[in-house]
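Just so it is clear: chains get the letters A, B, ... in the order the sequence lines come, proteins before strands, and each one is counted from 1.
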Amino acid sequence: MFRPVSPQVNLPKVEEQALALWRKHDIFRKTEETRRGGPEFVFYEGPPTANGKPGVHHVLARAFKDIFLRYRVMRGYHIIRRGGWDTHGLPVEIEVEKKLGFTSKRQIEAFGVAEFNKLCRQSVFEYIQDWENLTERIAYWVDLENAYVTYHNEYIESVWWILKRFWEDGLIYRGHKVVTYCPRCGTPLADHEVAQGYRETEDPSVYVRLPLKDEPDTALLVWTTTPWTLPANVAVAAHPDVTYVKVRHPLPEGEHEYLIVAQPLLEQVFRDEADKIEVVAEFPGKALKGKRYQPLFTFVPPEKPAHFVVLADFVTTEDGTGLVHMAPAFGADDMEMARKYDLPIINTVKPDGTIVEAVRPWAGMFFKDADPLIIEDLQKRGLMFRAETYTHTYPFCWRCGTPLLYYARPTWYIRTTAKKDRLVALNEQINWVPAHIKHGRFGNWLENNIDWALGRERYWGTPLPVWQCQECGHQHAVGSVAELSEMAGRDLGGLDLHRPYVDEVTLTCPQCGGTMKRVPELIDVWFDSGAMQVAQWHYPFENQEILKTQHPADYVCEAVDQTRGWFYSLHAISTLLFDKPAFKNVVCLGLILDENGYKMSKSRGNIVDPWDVINTHGADALRWYLFTAGPPGESKRFSLNLVGETVRRFSLTLWNVYAFFVTYANLDGWRPRPGEQPAYSELDRWLRSELHALVRDVTAAYEAYDALNATRPVERFVERLSNWYLRRSRRRFWKSEADEDKHAAYSTLYEALVTVAKLIAPAMPFMAEELYQNLVRSVDEGAAESVHLADWPTVDEAAIDEKLNQEMSLVLKLVSLGHAARNKAGIKVRQPLREAAFAVGRAGEQDVVPRHADLLTEELNVKQVRVLSGQGEAVSYSLKPLPKQLGQKYKGLFPKVRQAILALDAEEAAAKLLAGQPIQVEVEGQTYAILPDEVEVRMEAHSGLTVASEGAYLAALDTEITPELRQEGLARDFVRWVQDARKKAGLELSDRIRLFYQAPEEVAAAVEAFREYVMAEVLAVEMTAGAPPEDAFVTEASGGKVTLGLLKA
RNA sequence: GGGCCUGUAGCUCAGUCGGUUAGAGCACUGUGCUGAUAACGCAGGGGUCACUGGUUCGAGUCCAGUCAGGCCCA
C-alpha cells in the first residue's frame, strides 16, 4: 500500500513533514558523506551580513545557490557547502551607533573602542537566528554550524597573509588622492560603496562673478553646485580651444558690466537677457591663461600664487559657463590641476565635515549647511550673478545617507591597475549567466580598473597589518600571528587581532631598532569577503591540502549588484594572489522589485516578508516561482498572488495526478515490477517519449546553469500528463479487470511521477521528497533514503520518438478543432455522434488520423474518424505557398513564384500535392517544380457543414443525431446522474451498489438498451426500474424527472 | 555624460536561422465537461510587437537613431 493521499492538500504542512524527516535522518549531512569520493564540485557562499532580517531577495539568491548544488549531488558530486558570515564594517558599526545614539567618531572614542567593538561583535549575531530559521525553511542546504566568520582570528590571520603577499609584491601603497568621503562615518568609501548611494538631489546652482584684477568692470563668470567649496577656490579653469566671449551686460540704473563666458553657452547663461547683451570680444580659451582675479574670500591666505586662470581639457560646454572653479581639496580634477600648476591646496573642511575655524563666519557648521549663507554673503557683495537650484544625481553614504564629500586625503591602495591585463584575461575563463555581464558590466569595469581604495579609518574591521617605525619611518607588513609574536618579542597567540588590542602591540624596527606602531587604518570589508576563498580555510596556516581541491569555485551566485562587490573582490584577490580566476561559473540574479516596481531594500522599508509567502503557499512554490518567473538576470516584480498562481498552475496539478495514482493503485493493489517490460499502449509510448525528452532537456539546462529551462518544461510536461495522458487513460485505470494494459498504464504513470519527482528535486525539494517517499521508499527498502540522495534519472534514448511527439501535437490540435466544431453545433460531448472528418494540410501528416483513431474517437465521442478525401466532399481548396521554404529557395523570385502558384487551379493542384506529387509553375519562361511540403493545402467547408478550422487543419462533424445515438447519449446522461448520486451518498470509489430508478419512458428505454454498459459504469450489481426501498439513498436528477435510489451492495 | 539590460494583450511572460494570420498562463465573459483536480475543455473580447528610418522578396526578430524604464558608473 502507498500511504493514502487526499486531493485536498496543505502544502506548507507537507513541507514541514519533509523538514522533520530530513532533520530526523540527518539527510543534509548525508548528501556530503555519501558522495565522498565522487568528483568535487566547489561552491562558495557569498557571506551575507546578518545585521538585519533576511528578505525575499535573500531567498532568491539562496534558492539559486541551492538548486544547482542539489542537482550536482544527485549527479554524484561531492560538495562542501560551507556557510559564511560577513561580520565587519560600517554596517555593523552603524547599527551599534544607532543603539548608543552616537553621531560621530569622537563619541565612539570617548566610549572606548574596546567596548564599542565588543558590542559590534555581539550585534552581528543578533539576527542570526532569523537567518538560520529562514535558511532551513526554504531548504537552502548550507553548513551553518561550521560557517566561516570574518571576525575570527584565524580568518583575519589569513587576510593578513594575503596582504603581506601583496605588500611584498609592491601592490600596496599609501597615496594622496581625492576620495569620496563620508564626513559622518569619518572614512573614505570604496567606489563600489559610493556606487550604491547615488540619489537624485536638489543642490544650489550658482553663477558667481570673479572680478579680474587688471580689467575694470570685467569679471569671469563661473558656475558651481557646491557653494561651500568657494572659500577653497584657488583658480579658474578654461578650455584652451573653446571660444570665449566678453559681453557687455546691462545692469539696473543704466549701468553695465563686462562678463566672460564660453561662447557656446552664451544663450544658456543669459537666457531671456540674451537680446540685451552685446558681444564685445571673442577669443580662444588660451588667451585667458594667467589672467588674475580677485579672490572671493580671504579667510585662508594661500601660501603659493593663486587666483588666476589655468587651462584644462576636462572643461566642457555642456553646462555652466565654460569656466570652472577649482578647489583642489574637493575634486579629483582640481587636485590634478593643483599638481600641474603648483597651486596651493586650501582645505576649509575638517574630516568631520564641519568648516574650519579660519572661515570665521561659518566655522563649525556642517559644510553643506553653509551653502545658503555663502550665497547670501556673495549676494550682499554683488558677486552673485544668479542663484537657483539644480536637480542632479549626487552620491550619498550608502549606510547613513550623509552627502559625500570629494575630499583630499591620504589613504591606502591596492595597485590593481598593475594587474589589469590579467584581471581582463582571466575573466575570459569565467562563464557568466547572463552572458552579457562578462564583457558588459563586469568586463567594462575591469577595462577601466582603478586602484582599490583599501584603507578605512574606522574601528570594527580587519586591521591593516602595517607597522611603522616612529624613529626612521620604516614600514613593515605582518603576515601572521607568529611573525607578530616574534617581532614583538612575546607570545601573542591569545591576542584579539582587533582594535584596540592590536594597536597596543609595538614592534622593534628591523632597520633602526626603534619602536614601530601600527598604522591606524582598517581594511575595506569587501576585501574580507573576497578573501573567503582562502581565509575560510585559515590557509596557508591550515588545510593546505583542502585548498587544492577547493579553489577555484565551480559555482558562485549572487545578485547583480555584486558584480563590483563580491564578484570583483573574489576575482581581484584571486588574480593578484594566484593568477587564476576565483570561480568558473557565476549566476548574476536580477533584483527583486516590489509590486510597484521598486527595488526592495532595507533602507526603503518595502521588503516583503518571505514568511508570509511561505506560510501561505509554501517554500516550494516560492522557489518554483523564482525559477520560472523569467530569465534569472532580469529584475522581477514580486507578490503573493504571483506565487499563488504557481501553486494552482503547477503544484496542485502535479499533486492531483499523484493523488489519483495513489488512490487507484491502492484500490488495485498495484506494485511496480522492476525489470519487466510492460505492454505499452501508443499513449504510454508517447508519454514515455515526452518524459525522456524532458529528462534530456532538463539535464542539459542544469548543466548550463539555466534554472528557467530546468523548470518551465516540467510544467509543460505535467500539464500534458494531467490533461491529456490521464484524461485519456482514466478508463484504463477504472476498468475492473487487472490486465496487462492496466499494468502498462500504472507503470507508465508511475515512471512519470517518480521521474518528475527527481527532476524537480533540486527546485522543489519538499514536493519531490513527498512523492519519492511515498512512491519509491514505501515499496523499495533498498532505495536511497531521500530523493536528494537518489541518483539523477538517466535518459532512455530508445524511448524518445520525436515523430510520435509531433504526431501527438497534431492529434491535440485536431481534438481541439473537434471540440470547437461541437461547440459551434451546440452538441455536448456526452452526445455521441457518427463521425468526425479531418483535413490535414500536408501529405506526410495524413496518416495521423487513422493511426490515432482511438484517441480521437474517444475524446470527441464519435463512432468513427477519417480524413476528408477531397473529391465529392463538401469542401473547397486553396493553396498557401509557404514563405519559409519557398522564400529561402527562390529569394527575390519568391513573389512571382507565389503569384504563379496562386494562379493555378486549386482543386487540381491540391489533389496532386496531397498525393505527394510536385506541381509545375512557370515564371519568366522557366518551369519550376514545387514540392508538396512547400505549399500548404487549405480546405474550407461549404456552408452547411459544422466545421472548425485553423490554418491547414480542419475538423468537420456529422451532426445528425439518429435515434440510436440519442439513446446512447441518454444512457450516458443517466450514468452521469448516478455517479453524481454516488458522490452525494458518500460512497467509496470501489463500493458496489444496488440501483433503483424511476424515469420517463424515453430515458428508461435508453437505460435498458444499454443496461450492461450502465451497470458496469456505475458499479451496480443490480439495477431495478421502480421505487427504491425505504433504506435507500434517494435523490433526483434531470430537473426532478428522474428519481434514483442507491443501496450499498 | 558613458556602459549594460529591458520595452510584445489589463497582469506575468514565450516567440528558434528573418518567413507573410504574433502565442501561453492569469484575469474577464459565455459555454461545455467532471467519481483526481483549489480543476479542465472550447469559444469570445483584448496587440500601433515603444517610436522613426534602413537592409531584405519578406522584419516582433537584423542595423542605425530616438523615447521610456531599470541597474551600474561619471
(request) State whether the distance check finds a donor on one side and an acceptor on the other, under 3.5 Å, for side chain A:S722 versus base B:A36. (result) yes
(request) Ignoring backbone atoms, test whether A:Y664 places a side-chain nitrogen or oxygen under 4.0 Å from the OP1 or OP2 oxygen of B:A36. (result) yes
(request) Return the nucleotide paired to B:A68: Watson-Crick means purine N1 to pyrimidine N3 with N6-O4 or O6-N4, wobble means G-U with N1-O2 and O6-N3, both under 3.5 Å. (result) B:U6
(message) Would you say A:R730 places a side-chain N or O within less than 4.0 Å of OP1 or OP2 belonging to B:A36?
(response) yes
(message) Counting only side-chain nitrogens and oxygens, does A:W724 get under 4.0 Å of the OP1 or OP2 atom of B:C40?
(response) no
(message) Please name the nucleotide paired to B:G44 by Watson-Crick or G-U wobble geometry with both distances under 3.5 Å, or report none.
(response) B:C28
(message) Measuring from the side chain of A:L652 (C-beta onward, heavy atoms only), which nucleotide among B:A38, B:C71, B:C26 has the closest atom?
(response) B:A38
(request) Assess whether one donor atom and one acceptor atom, taken from the side chain of A:R441 and the base of B:C71, lie less than 3.5 Å apart. (result) yes
(message) Using Watson-Crick or G-U wobble geometry with both distances under 3.5 Å, which nucleotide pairs with B:C49?
(response) none
(message) Tell me which nucleotide, if any, is Watson-Crick or G-U wobble paired with B:G60 when both distances must be under 3.5 Å.
(response) none
(request) Describe the nucleic acid contact of A:S816 in one word from base, sugar-phosphate, nothing, applying a heavy-atom distance below 4.0 Å. (result) sugar-phosphate
(request) May I ask which nucleotide in the shown strands pairs with B:G1, Watson-Crick or G-U wobble, both distances under 3.5 Å? (result) B:C73
(request) Using a cut-off of strictly less than 4.0 Å, decide whether A:R976 has a side-chain nitrogen or oxygen near OP1 or OP2 of B:G35. (result) yes
(request) Using only side-chain N and O atoms of A:R830, determine if any of them is under 4.0 Å from OP1 or OP2 of B:U34. (result) yes
